[in-house]
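For reference, the structure is listed below as structure tokens.
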Amino acid sequence: MANLKPLVIGNWKMNLDFVEAVHLGQQIGVLLKNRPSEHTEIVVAPPFVDLRSVASIVDSERIPIAVAAQHVNAHENGAHTGEVSTSMLKRLGVTWVLVGHSERRALYAMDDAVVALTLRAAVRSGLKAVLCVGEALEVREDGDQDEWVRHQLRSALDGLDERFTEQITVAYEPIWAIGTGLTADAEQVRAMMTHVRTVLATVKLPDARVLYGGSVNADNAASLVAEGRADGFLVGGASLKAESFLAIIQACDDCYDLKR
Ligand code: PGA
């Protein structure tokens with residue numbers, strides 16, 4: 001069954017210590033109490049060291065959001081200094097994980113093979129996985145973005161056991177738009193959403209939600225969701241302030257109302 005609810009994920013990256021993270025979680029909780037999101041599913045992805053604290057306040061204060069990790073190792077345990085496994089995350093109440101964010105791919109040598117293994121480890125453990133894909137500026141300038149994204153999707157998803165398909169979300173994040181203030185315009189987003197959905201249908205994932213990410217903010221969210229036809233967003237910078245994060249969620253909620 002297709003999940004038509006919009007999804008907004010805040011990727012806090014390497015920002016906020018656990019005190020600051022709890023504070024932001026609580027602020028989000030207060031704003032959601034005043035103005036609940038009616039349709040939009042909300043997830044936040046704090047740094048590893050904040051996960052336990054954020055998961056605890058989400059639980060104790062009944063804040064209607066889920067908690068994601070920004071990365072996970074594909075192995076169960078062992079000699080992987082600095083890494084964290086799926087079972088460790090699950091014990092903390094984490095239910096989602098980002099897989100293959102472009103910063104992990106570019107800065108920490110996460111290649112397509114590791115992305116595919118990690119994705120499998122995540123879904124096998126029961127976590128919901130957000131597979132991140134997207135092209136660099138040179139690829140876009142050469143007009144090769146569709147082929148690039150198709151390759152990333154297929155190398156991660158080909159042959160995935162059908163039992164796990166409902167746990168997968170895709171986030172299209174053009175690298176040139178991440179943290180740069182340069183957003184893909186609604187037409188570029190719409191074209192890529194269509195392309196990603198076409199490729200997903202070929203790997204038996206026709207119903208997966210497809211998010212857009214890259215300099216999403218309170219001002220551009222409405223047009224990216226309405227005209228760009230994204231199923232929601234993966235938000236970096238603008239998720240670090242409760243007000244802008246909630247404005248993005250509200251834009252998704254309003255669009256859902258309009259579409260019905
Ligand atoms: P940004 O980051 O919103 O700050 O561009 C998005 C992301 O990297 O997930």
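Nothing fancy with the numbering, it's 1 onward along the sequence. In each ligand, atom 1 is the first atom listed, and ligand 1 is the first ligand listed.
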Does P6 reach the side chain of T40, with side-chain heavy atoms less than 4.5 Å apart? yes
Does H23 have more than 12 heavy atoms from other residues, nucleotides or ligands lying within 6.0 Å of its NE2? no
Are any of the heavy atoms in S215 under 4.0 Å away from ligand 1? yes
Residue pairs passing the salt bridge (Lys or Arg N to Asp or Glu O under 4.0 Å) test with at least one member in residues 95-119, sequence neighbours excluded, are K13-E103, R105-D112
Indicate yes or no: does R140 engage E135 in a salt bridge with an N to O separation below 4.0 Å. yes
For residues 72-96, the salt bridge (Lys or Arg N to Asp or Glu O under 4.0 Å) pairs (sequence neighbours left out) are none
Heteroatom proximity flag, A238 to ligand 1, N/O under 3.5 Å: no
Identity and separation of the nearest protein heavy atom to atom 4 (O) of ligand 1: G237 N, 2.9 Å
Got an N/O contact under 3.5 Å between G179 and ligand 1? yes
Sub-4.0 Å atoms of ligand 1 with respect to non-hydrogen atoms of L234: 9 (O)
For ligand 1, indicate whether the residue A171 contacts it via side chain, backbone, both or neither (heavy-atom separation under 4.0 Å). neither
Are E147 and R150 close enough for a salt bridge, meaning some N to O gap below 4.0 Å? yes
Are any of the N/O atoms on G214, whether in the backbone or the side chain, positioned under 3.5 angstrom from an N/O atom of ligand 1? no
Part of N11 within contact of ligand 1 (heavy atoms, under 4.0 Å): side chain
Atom 3 (O) of ligand 1 - nearest protein heavy atom and its distance: G236 N, 2.8 Å
Would you mind finding which of E173, K13, H101, Q70 brings a heavy atom closest to atom 2 (O) of ligand 1? K13
Quick note on ligand 1: atoms under 4.0 Å from a heavy atom of A177 include exactly 5 (O)
NZ/NE/NH1/NH2 to OD/OE distance under 4.0 Å, R209 and E166: no
Classify the ring geometry of Y212 against Y172: parallel below 30°, tilted from 30° to 60°, perpendicular beyond 60°. tilted
